[in-house]
Engineer: 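What follows is a single structure, and I will ask about it in a moment.
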Amino acid sequence: MKTVEQQVKEVIRTVPNFPSEGINFKDITPLLGQPRLAKEIVKEIVENVALWNPTCVAGIESRGFLFGFSIAAELNIPFIPIRKKGKLPMPTASTKYDLEYGMSEIEVHLDAVKPNDRVLIHDDLLATGGTALAAAELIESLNAQVVGYSFLVELGFLSGRQRLNTTTQNFHELVTY
Ligand code: AMP
């Protein structure tokens, strides 16, 4: 009997040189075609992160929405979308951050996060950690607490985890490359 982690590694596709030369893109879309495995993934993540007592899950656009919403629903807590600039219709807080080339900006609705919320940040993949760190800054700018981070995939060789101040915050990844 294969573990969930073994099955996930078998199903995720590595696409060389996408979206640019030298990047090995981890394509999680085949997981979406396997509902039984997808349910097991959500169950396994929930078993780990429930211990941190989050009061909401913040998923990062766009692949952080795919499992993030199911994780929140399974935990019976709200899901908060963190989106690229200009996508959310109501008043927002925003944070700019550096990408490999250039800058990006992410936003969250002001009324989505309450002070004293214990927020679990979820994304499909942790690379350098810049995106997750910006999401954490955004949450903290609204006086809420980041209670931990959850990723389907961690690219361990990029040491993103070290940037996330995980001595005080919890961390869970399903598979590591
Ligand atoms: P980073 O800010 O460097 O941790 O990059 C993480 C974000 O970029 C996540 O939202 C990922 O979806 C995406 N990403 C970065 N590198 C990859 C990769 N090799 N394969 C798939 N997605 C990636």
Side-chain angles (χ1 to χ4, degrees), residues 2-46 48-49 57-74 79-88 92 94-108 119-139 146 148-166 169 171-177:
K2 287 178 185 161
T3 65
V4 176
E5 290 81 359
Q6 284 168 332
Q7 294 177 68
V8 167
K9 277 205 167 179
E10 281 177 14
V11 173
I12 287 177
R13 294 185 289 212
T14 302
V15 185
N17 301 317
F18 182 87
S20 53
E21 196 64 27
I23 303 287
N24 283 321
F25 189 84
K26 299 296 180 196
D27 178 22
I28 66 152
T29 61
L31 295 174
L32 307 176
Q34 303 224 9
R36 193 174 302 182
L37 178 57
K39 279 187 202 162
E40 299 249 348
I41 289 168
V42 172
K43 186 165 166 262
E44 172 126 357
I45 293 173
V46 163
N48 282 277
V49 303
V57 178
I60 304 173
E61 184 174 357
S62 58
R63 291 185 295 276
F65 296 172
L66 299 170
F67 284 87
F69 178 72
S70 292
I71 293 164
E74 193 62 30
F79 175 79
I80 298 169
I82 293 181
R83 300 212 59 182
K84 308 260 166 64
K85 187 180 169 57
K87 304 281 186 185
L88 290 169
T92 58
S94 68
T95 304
K96 291 197 178 91
Y97 65 104
D98 290 325
L99 291 175
E100 203 175 348
Y101 303 109
M103 298 265 289
S104 188
E105 193 165 351
I106 50 174
E107 298 185 325
V108 67
V119 183
L120 170 68
I121 291 178
H122 172 82
D123 203 357
D124 68 324
L125 181 141
L126 176 70
T128 66
T131 308
L133 202 58
E137 282 169 14
L138 194 55
I139 296 301
V146 176
Y149 298 92
S150 143
F151 303 93
L152 297 182
V153 179
E154 176 190 16
L155 299 183
F157 57 90
L158 291 175
S159 304
R161 192 193 286 224
Q162 278 78 339
R163 285 181 75 189
L164 298 180
N165 189 22
T166 47
Q169 277 144 346
F171 187 96
H172 179 258
E173 89 294 345
L174 205 54
V175 296
T176 306
Y177 291 88

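All values reported here derive from a predicted model rather than from experimental measurement.
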Engineer: For Thr128 and Leu158, work out which heavy atoms get closest and say how close.
Structural biologist: N-CD1, 4.2 Å
Engineer: Working to the nearest 0.5 Å, report the span between NZ of Lys2 and CD of Glu10.
Structural biologist: 3.5 Å
Engineer: Check whether any side-chain heavy atom of Thr29 sits under 4.5 Å from a side-chain heavy atom of Arg63, and report yes or no.
Structural biologist: no
Engineer: Are any non-hydrogen side-chain atoms of Leu32 and Phe67 less than 4.5 angstrom apart?
Structural biologist: yes
Engineer: Just verifying a value: how many Å separate Lys87 NZ and Thr92 OG1, rounded to the nearest 0.5 Å?
Structural biologist: 13.5 Å
Engineer: Should Arg13 and Pro30 count as side-chain neighbours, where that means a heavy-atom distance under 4.5 Å?
Structural biologist: yes
Engineer: Are side-chain heavy atoms of Ile45 and Leu152 found at a separation under 4.5 Å?
Structural biologist: yes
Engineer: Please round to the nearest 0.5 Å and tell me the distance separating atom OG1 of Thr131 and atom CG of Asp123.
Structural biologist: 6.5 Å
Engineer: Are Pro81 and Glu61 packed together at the side-chain level, in the sense that at least one heavy-atom pair is separated by less than 4.5 angstrom?
Structural biologist: no
Engineer: So, for Glu105 and Ser94, which heavy atoms are closest and what is the spacing to 0.1 Å?
Structural biologist: OE2-OG, 3.0 Å
Engineer: Would a 4.5 Å heavy-atom cut-off, applied to side chains only, mark Leu138 and Ile106 as touching?
Structural biologist: yes
Engineer: Enter the distance from Leu120:CG to Ile80:CD1 here, rounded to the nearest 0.5 Å.
Structural biologist: 10.5 Å
Engineer: Please tell me whether Ser104 and Lys96 have a donor and an acceptor in their side chains that are separated by less than 3.5 angstrom.
Structural biologist: no
Engineer: When you look at CZ of Phe69, are more than 12 heavy atoms from neighbouring residues, nucleotides or ligands closer to it than 6.0 Å?
Structural biologist: no
Engineer: Does Glu107 use its side chain to pair, donor to acceptor, with the backbone of Gly86 at less than 3.5 Å?
Structural biologist: yes
Engineer: Kindly indicate whether the side chain of Gln169, heavy atoms from C-beta on, has any atom under 4.5 Å from the side chain of Leu164.
Structural biologist: no
Engineer: Which heavy-atom pair separates Thr176 from Lys9 by the least distance, and what is that distance?
Structural biologist: O-NZ, 2.7 Å
Engineer: Over all heavy atoms of both residues, which pair between Ile139 and Ala58 is shortest? Give the atoms and the distance, please.
Structural biologist: CD1-CB, 4.3 Å
Engineer: Counting N and O atoms only, with roles assigned by atom type, does the side chain of His122 sit under 3.5 Å from a partner on the main chain of Ser150, one being a donor and the other an acceptor?
Structural biologist: yes
Engineer: Would you call the rings of Tyr149 and Phe171 parallel, tilted or perpendicular, where under 30° means parallel and over 60° means perpendicular?
Structural biologist: tilted
Engineer: Please examine the side chains of Glu173 and Arg161, heavy atoms only from C-beta on, and report whether any two atoms are closer than 4.5 Å.
Structural biologist: yes
Engineer: Give the minimum heavy-atom separation between Phe79 and Ala72, together with the two atoms involved.
Structural biologist: CB-CB, 3.8 Å
Engineer: Locate the shortest heavy-atom distance separating Leu126 from Ala132; write the atom from each residue and the value.
Structural biologist: CD1-CB, 4.4 Å
Engineer: When you measure from the side chain of Asn17 to the backbone of Gly22, do you find a donor-acceptor pair of N or O atoms at a distance under 3.5 Å?
Structural biologist: yes
Engineer: How many angstroms lie between CG in Asn48 and NE2 in His172, if you round to the nearest 0.5 Å?
Structural biologist: 3.5 Å
Engineer: I need the Leu125 CG to Lys26 NZ distance, nearest 0.5 Å.
Structural biologist: 8.5 Å
